[in-house]
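Below, chains carry the letters A, B, ... as their sequence lines are ordered, and counting in each starts from 1. These figures come from a predicted structure and were not determined experimentally.
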There are 2 protein chains.
Amino acid sequence: MRLSKTSEYALRILSFMINSDMQVFSAKYLIDTLNVPDKYLRRLMTDLSKNGFIKSLKGRDGGYIFAKNANTIHISQVIDAVEGMDRYEGCIMGFGDCSDSNPCSLHENYAPIKEQLIHFLSTTTISELKSTNVLKF
Amino acid sequence: MRLSKTSEYALRILSFMINSDMQVFSAKYLIDTLNVPDKYLRRLMTDLSKNGFIKSLKGRDGGYIFAKNANTIHISQVIDAVEGMDRYEGCIMGFGDCSDSNPCSLHENYAPIKEQLIHFLSTTTISELKSTNVLKF
DNA sequence: TCAAATTACTATATGGTGGTAGTATATTAA
DNA sequence: TTAATATACTACCACCATATAGTAATTTGA
C-alpha cells in the first residue's frame with residue numbers, strides 16, 4: 001500500500017505499545033525490540049510526542065507513555081502527523097482538480113475504493129490494534 | 001493514493017493517446033500538450049516501448065503508437081513496468097511475512113480493501129480510459 | 001545525397017526520505 | 001551534589017525518484 005517507512009514505523013511502535021503490559025517504554029527498549037534505527041526512532045518519538053499521541057518522561061527511568069487513550073488515536077491522524085494524508089486523498093493520476101463533478105478517466109471507478117481506504121484509516125484506532133492472536137506488531 | 005509520479009505520467013500519456021483520434025504521437029506534441037518535462041517524458045516513452053505497450057517510429061514524421069490493442073494493457077502492468085507493483089501488494093505496516101495465516105494487527109481489516117484495489121488495477125485496461133465526457137486525461 | 005525531424009543514449013543535477021553522529025538538556029537514585 | 005540514565009536538538013550523509021543537458025543514431029522528403 002506504500003505508506004512511508006516512517007508511517008510504518010509509527011504504527012508498529014504504537015501497535016507494540018498497546019499490546020504490551022508495560023506502561024513506560026524507553027527508546028532503547030523499543031529500538032532493540034522493534035529493529036527500528038536508533039536515532040531515527042528517537043526523532044520519530046519526539047515527533048509523536050509533539051503531536052500529542054505520546055508523552056516523554058525525561059531522566060532516569062524515563063521513556064514514553066501514551067498521552068491519551070489509544071481509542072482516541074486514529075490511524076489517519078498518525079499518518080497525517082508523520083507524512084501527511086494528502087497523498088492518499090488525491091487523484092490517482094495526480095490531477096489537482098479531479099473531483100466528482102470534474103473527473104479524470106479513472107475517477108468513477110477508483111473513487112469508491114479510495115473512499116473505503118480513507119474510511120478504514122480514519123475510523124480505525126490504535127486500541128483496535130490490540131490483539132491476542134497476532135504475533136507481530 | 002500515491003502512485004509514483006512516473007506512474008501518473010505513464011497513465012496520463014496512455015489515457016491521452018487512447019482518447020485522441022491521432023495514431024502517431026511525437027514526443028514534442030505530448031510534452032507540449034501534457035505538461036510533462038521534456039527529457040523525462042522521452043525516457044519514459046522509451047521505457048514504455050521496451051515494455052511493449054507502445055512502439056516508436058524513428059526519423060522524420062516519427063513518434064509513438066500503441067504496440068498492441070489498448071484493451072490488452074492493464075493498469076497494473078503499466079505500474080509494474082515503471083515502478084513495480086510490489087509496494088501495493090505488501091503489508092500496510094511493511095512486515096515482509098504478513099499473510100492471512102500470519103497476520104499483522106491490521107491485516108484482517110485491510111486485506112479486503114487491498115484486494116479491491118489490486119483487482120481494480122489488474123482488471124482495468126487502458127481502453128477503458130476512453131471517455132466522451134471526461135475533460136482531463 | 002543531404003538536411004530536417006525525430007527517437008535513443010549517457011551523464012549529471014536536484015530534492016526529499018531515510019539514516020547517522022555528536023552534543024545539549026533534564027531527571028533522579030545514591 | 002554528582003554520576004548515571006534518559007530524551008531533545010542540530011547537523012550531516014546516502015540513496016532514489018525526478019528532472020535536465022548534450023550528443024548520437026535513425027529515417028525520410030526534397
Side-chain angles (χ1 to χ4, degrees), chain A residues 2-13 17 22-32 34-67 79-84 86-88 93-94, chain B residues 2-13 17 22-67 79-88 93-94:
Chain A
R2 209 185 166 194
L3 293 182
S4 72
K5 213 156 192 189
T6 310
S7 288
E8 289 180 2
Y9 287 157
L11 292 177
R12 287 195 217 176
I13 291 163
M17 286 173 66
M22 298 168 56
Q23 291 295 308
V24 179
F25 302 81
S26 74
K28 189 169 188 309
Y29 177 69
L30 292 172
I31 288 159
D32 293 343
L34 298 175
N35 296 310
V36 177
D38 188 322
K39 294 300 171 64
Y40 202 69
L41 178 135
R42 292 173 190 278
R43 218 174 50 182
L44 177 54
M45 297 309 275
T46 302
D47 204 23
L48 294 175
S49 304
K50 285 183 173 164
N51 278 279
F53 302 126
I54 56 178
K55 59 186 168 193
S56 66
L57 307 175
K58 277 187 158 187
R60 191 168 178 146
D61 293 325
Y64 301 95
I65 189 172
F66 277 107
I79 295 172
D80 203 30
V82 301
E83 65 159 327
D86 322 26
R87 349 165 81 117
Y88 304 103
M93 286 202 278
Chain B
R2 208 186 168 195
L3 293 181
S4 73
K5 215 158 191 186
T6 311
S7 287
E8 288 179 2
Y9 288 157
L11 292 177
R12 288 194 215 176
I13 292 163
M17 286 173 66
M22 299 168 55
Q23 293 293 308
V24 180
F25 302 81
S26 74
K28 189 171 188 308
Y29 177 69
L30 293 172
I31 288 159
D32 293 343
T33 312
L34 298 176
N35 296 309
V36 177
D38 188 322
K39 295 300 172 67
Y40 202 70
L41 178 136
R42 292 174 189 278
R43 221 175 48 182
L44 177 53
M45 296 310 275
T46 302
D47 205 24
L48 294 175
S49 304
K50 285 183 175 165
N51 279 280
F53 303 125
I54 57 179
K55 59 187 168 193
S56 66
L57 307 175
K58 276 187 159 186
R60 193 170 175 143
D61 295 325
Y64 301 95
I65 189 172
F66 277 107
I79 295 172
D80 204 28
V82 302
E83 64 159 328
M85 274 293 292
D86 322 27
R87 350 165 81 119
Y88 304 103
M93 286 203 277

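Summarising the geometry, the separation between CD1 on B/Ile31 and P on C/dT6 is reported as 11 Å, rounded to the nearest angstrom. Separating the CG atom of B/Asp38 from the C1' atom of C/dA8 is a distance of 13 Å, rounded to the nearest angstrom. Spacing between atom NZ of B/Lys55 and atom P of D/dT27 amounts to 14 Å, rounded to whole angstrom units. Atom CD of A/Glu83 is separated from atom C1' of C/dG18 by 13 Å (rounded to the nearest Å). The distance between atom CG of A/Leu3 and atom P of C/dT17, rounded to the nearest whole Å, is 14 Å. One interatomic measurement links the two molecules: CG of A/Leu57 to P of C/dA29, which rounds to 13 Å at whole-angstrom precision. In this structure, B/Tyr64 atom OH and C/dA5 atom P are separated by 17 Å, rounded to whole Å.
Between atom OG of residue B/Ser4 and atom CZ of residue B/Arg87 there is a gap of 7.0 Å, rounded to the nearest 0.5 Å. With rounding to the nearest 0.5 Å, the separation of CE in A/Met93 from CD in B/Glu8 is 9.5 Å. To the nearest 0.5 Å, atom CZ of residue B/Phe66 and atom CD1 of residue B/Ile54 are 8.5 Å apart. Note: A/Ser26 OG to A/Leu57 CG = 11.0 Å, rounded to the nearest 0.5 Å. Atoms OH and CG, from A/Tyr9 and A/Leu44 in turn, are 9.5 Å apart once rounded to the nearest 0.5 Å.
Residue pairs meeting the side-chain hydrogen bond (donor to acceptor under 3.5 Å, both in side chains) criterion with at least one partner in residues 43-63 of chain B, sequence neighbours excluded, do not occur; the list is empty.
Counting only heavy atoms from C-beta on, A/Ser4 has its side chain closest to C/dG18 among C/dG18, D/dT26, C/dG19.
Between the A/Arg42 side chain and the A/Ala27 main chain, no donor and acceptor come within less than 3.5 Å of each other. The main-chain N or O of B/Tyr29 is found under 3.5 Å from a side-chain atom of B/Thr33 such that the two form a donor-acceptor pair. The backbone N or O of B/Leu34 lies less than 3.5 Å from no partner atom in the side chain of B/Arg12, so there is not a single donor-acceptor pair.
Listed by chain and number, the residues in a salt bridge (Lys or Arg N to Asp or Glu O under 4.0 Å) with B/Asp32 are B/Lys28 (sequence neighbours excluded).
Using a 4.0 Å cutoff on non-hydrogen atoms, the parts of residues 40-52 of chain A near DNA chain C are A/Tyr40, A/Arg43, ordered by number. Of the residues in residues 6-13 of chain B, B/Thr6, B/Tyr9 come within less than 4.0 Å of DNA chain D through at least one heavy atom, sorted by number.
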Practice item. Before giving the answer on side-chain hydrogen bond (donor to acceptor under 3.5 Å, both in side chains), spell out for B/Thr6 and B/Glu83 the whole-Å C-alpha distance, their side-chain angles and the decisive distance to 0.1 Å. Key: CA-CA 8 Å; B/Thr6 311; B/Glu83 64 159 328; over 6 Å; no
Practice item. Applying side-chain contact (heavy atoms from CB on, under 4.5 Å), run through B/Ile79 and B/Tyr88 and close with a yes or a no. Key: CA-CA 10 Å; B/Ile79 295 172; B/Tyr88 304 103; 3.9 Å; yes
Exercise for review: Show your reasoning for whether side-chain contact (heavy atoms from CB on, under 4.5 Å) applies to B/Ile13 and B/Tyr64.
Suggested key: CA-CA 11 Å; B/Ile13 292 163; B/Tyr64 301 95; over 6 Å; no
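Nearest-nucleotide positions on DNA chain D place A/Lys28 closer to the 5' end than the other of A/Lys28 and A/Arg2.
Residues A/Ile31 and A/Val36 have side chains not in contact (no heavy-atom distance under 4.5 Å, counting atoms from C-beta outward).
Side-chain N/O atoms of A/Lys39 and base N/O atoms of C/dG18 include no donor-acceptor pair closer than 3.5 Å.
Counting non-hydrogen atoms under 4.0 angstrom, B/Lys5 reaches the backbone sugars and phosphates but no base.
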Sub-3.5 Å pairs of nitrogen or oxygen atoms, protein against nucleotides 1-5 of chain D:
{"from": "D/dT5", "atom 1": "O2", "to": "A/Arg60", "atom 2": "N", "distance (Å)": "3.4"}

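Comparing the helix axis at one end of the helix from C/dT1-D/dA30 to C/dA30-D/dT1 with that at the other, each defined from 5 consecutive pairs, gives an inter-axis angle of 10° (nearest 10°).
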